[in-house]
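Quick note: numbers below take in every heavy atom, side chains included, and nothing from hydrogens, waters or symmetry partners. If you're wondering where the values come from, they're calculated on a predicted model, not measured in any experiment.
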Amino acid sequence: MPRNTSCDRILNRRSILLGITTFALASVVGASAQAQTPPAQKPSILFILVDNLGYGELGIYGGGATRGAPTPRIDKLATEGLRLTNMNMEAQCTPSRSAILTGRYAIRSGTHSVPFGGVADGLTQWEVTMAESLSAAGYATALNGKWHLGSQNGRLPNDQGFDEWYGIPRTTDEALWPGSPGYSPSIMPPEQIMEGRKGEASRDVKVYDLEQRRLIDAEITRRSIAFMERQSQARRPFFAYATLTQPHLPTLPNPAFAGKTGNGDWADMLAEMDHNVGQMLDAVDRLGIRDNTVVIFASDNGPEFIKPWDGWAGPWRGQYFTAWEGGIRVPFMIRWPGKVPAGRVSDEIVHAVDLFPTLAGITGAAVPKDRPIDGVDQSDFFLGRTDKSAREGILIWCADRLQAVKWKNFKVHFYQQETMVSPPIKLAIPLLFNLYTNPREDQDKVITDSWVFGPVLKMVGEFEASVKKYPLIAMGTPDPYTPPH
């Protein structure tokens, strides 16, 4: 796929004569406030992130039974807190996971694209992750599941703030390698399921093949529950990051769910996912920590494109790797009994980068102040103190291209790209849509409200100004990284 290497190629800088960027830094509780809050009173966090689940797959979003399997446990979770209908991730797995953990657009961190085998990958150690910040604030931290932010020691979860981890360093399609005709480990070593602890090198556990692909989410669930049990016994607040691998291709259910729905592998997988989420929620209740645990459920981007594992984005157009709404708009729900009002549904705009500053604000953890933070603290919005999001728009990156911008209910596309395998074509005149009247982004319904370009170009200009002061980190940058300024 063709890539541009400079922000100059996105828009003509001369058309964006704007001032210095205003960074959206989170409001966080200071160190003195942290000292006054006993660790036992800090809320624990269970963050369940699933892989390539489209907007329309869950029952609460119009899927469930219409996709072959009801999702009662996840649907119930959605009614117990705030459910968003305009939650936005980045267009690919790696950039979304980077944005969640750093509070920064992935283009800043050299993680704007999914890396392929043999390419240098991952976050530099200079980046500060949510796990590092929570760890410094007294939290026990664990990642069980998919990482995709570095596959070598030095860039694995236990090097980026997690006390322990178990899972895959890259991605699930590599489980297809061992059974592929002509494949040999001497040509490309197979992906390993790994585990590690902070301060130690991670170790290989077993080859991630199709058998393990079916089994891994059950093991992720088991280990996440065991971690929560240990920390609850120790009366220590925790950050349990359970990054399930379903429904990423190949979408194959656990043997205990194979054939359970009678509607094929995809529906069986959906039933398995709902069960695994339910097991983790039951553990929170059994441990007596429901009222002091923030539970988040989200997908990392839009649905699969590759058949026969392709998913469904509900009312939206497109799949992952594109800037269409179907590529970036995902299911999202957050529960914190007594704090996040139950039964709320909102179409206010939120982005993955907001999660770090928001959870930092809730827990008293710190957000770095020596670099641009694109996320904003959404705690007032999540906690029901306001009906409005703290942001009005987002930049939408596909690889290293600024492909589109959303502002309120409007959207501007600077490139035309239909699917993940289509070439991105720079448009002479950007496409402008009103998502309220044209949710499918139908090109026959382009609007002419050119005044919208004013706030859109202001957002772009602020980002461009920040890049002059804080240059982007190139993909593949080795450690140690030192900012040029």
Minimum heavy-atom distance between Phe162 and Tyr241, given as atom pair plus value: CZ-CD2, 3.7 Å

Nearest-0.5 Å distance, CG of residue Leu359 to CD1 of residue Ile100: 10.5 Å

Glu174 side chain vs Pro190 backbone, donor-acceptor pair below 3.5 Å: no

Test log, rule side chain to side chain contact (heavy atoms under 4.5 Å, CB included), inputs Ser44 and Met228: CA-CA 9 Å; Ser44 291; Met228 293 190 290; over 6 Å; no

Derivation of the side chain to side chain contact (heavy atoms under 4.5 Å, CB included) call for Tyr61 and Met333: CA-CA 11 Å; Tyr61 285 92; Met333 54 200 74; 4.1 Å; yes

Of all pairs that satisfy salt bridge (Lys or Arg N to Asp or Glu O under 4.0 Å), the ones with a partner from residues 317-335, not counting sequence neighbours: Glu80-Arg335, Arg317-Glu418, Glu325-Arg329, Glu325-Lys406, Glu325-Lys411, Arg329-Asp347

Other residues, nucleotides, ligands: >12 heavy atoms within 6.0 Å of Lys76 NZ: no

Donor on one side chain, acceptor on other, Trp312 and Glu57, under 3.5 Å: no

Donor-acceptor pair between Thr358 and Asp354 side chains, under 3.5 angstrom: no

Flag, side chain of Glu90 to backbone of Ala106, donor-acceptor distance under 3.5 Å: yes

Counterpart residues, ring-ring contact (aromatic ring centres under 6.0 Å, His included), relative to Phe381 (two or more places apart): none

Nearest-0.5 Å distance, OG1 of residue Thr94 to CG of residue Leu149: 6.0 Å

For Ser109 against Arg104, the heavy-atom pair lying closest together: OG-NE, 3.6 Å

Main-chain N/O of Ala140 paired to Gln231 side chain as donor or acceptor, under 3.5 Å: no

Donor-acceptor contact below 3.5 Å, side chain Gln125 vs main chain Gly154: yes

Whether Phe463 and Trp397 hold their rings parallel, tilted or perpendicular, with breakpoints at 30° and 60°: tilted

Distance in Å, Phe238 CZ paired with Thr293 OG1, rounded so as to fall on 0.5 Å steps: 4.5 Å

Residue Asp285 excluded, over 12 heavy atoms near CG under 6.0 Å: yes

Side chains of Lys339 and Phe382 in contact at under 4.5 Å (non-hydrogen atoms): no

Which atom of Arg83 lies closest to which atom of Ala78, heavy atoms considered: CD-CB, 3.8 Å

CD (Gln152) with more than 12 external heavy atoms under 6.0 Å: no

Between OH on residue Tyr320 and CG on residue Asp51, distance to nearest 0.5 Å: 9.0 Å

Side chain to side chain contact (heavy atoms under 4.5 Å, CB included) evaluation trace for Leu210 with Leu176: CA-CA 6 Å; Leu210 290 182; Leu176 293 164; 3.8 Å; yes

Value rounded to 0.5 Å, distance of CD1 in Ile362 from CG in Asp377: 7.5 Å

Smallest separation among heavy atoms of Val340 and Leu82, with atom names: CG1-N, 3.7 Å

Spacing of CD belonging to Glu219 relative to CG belonging to Asn276, to within rounding of 0.5 Å: 11.0 Å

Taking every non-hydrogen atom, the tightest pair across Gln403 and Ala323: CG-CB, 3.8 Å

Residues in ring-ring contact (aromatic ring centres under 6.0 Å, His included) contact with Trp336, at least two apart in sequence or another chain: none

Arg230/Glu164 ion pair, N-O < 4.0 Å: yes

Side chains of Thr419 and Gln319, donor plus acceptor under 3.5 Å: no

Side chain Arg97, main chain Trp147, donor-acceptor under 3.5 Å: no

His275 and Phe257 aromatic ring geometry - parallel, tilted or perpendicular at 30°/60° bounds: tilted

Any donor-acceptor N/O pair, Asp268 side chain to Ala258 backbone, under 3.5 Å: no

Candidate pair Phe305 and Thr322, rule side chain to side chain contact (heavy atoms under 4.5 Å, CB included), full reasoning: CA-CA 10 Å; Phe305 168 73; Thr322 73; over 6 Å; no

Main-chain N/O of Pro253 paired with Arg214 side-chain donor or acceptor, under 3.5 Å: yes

N/O donor-acceptor pair under 3.5 Å between Ser135 side chain and Ala131 backbone: no

Closest non-hydrogen atom pair, Met280 against Ile48: CE-CD1, 4.0 Å

Residue pair Asp121 / Ser151, side-chain donor-acceptor N/O under 3.5 Å: yes

Asn52 versus Asn301, side-chain donor and acceptor atoms under 3.5 Å: yes

Test item: Glu132 side-chain N/O and Thr129 main-chain N/O as donor-acceptor pair under 3.5 Å: yes

Side-chain donor or acceptor of Arg236 paired with backbone N/O of Gly138 under 3.5 Å: yes

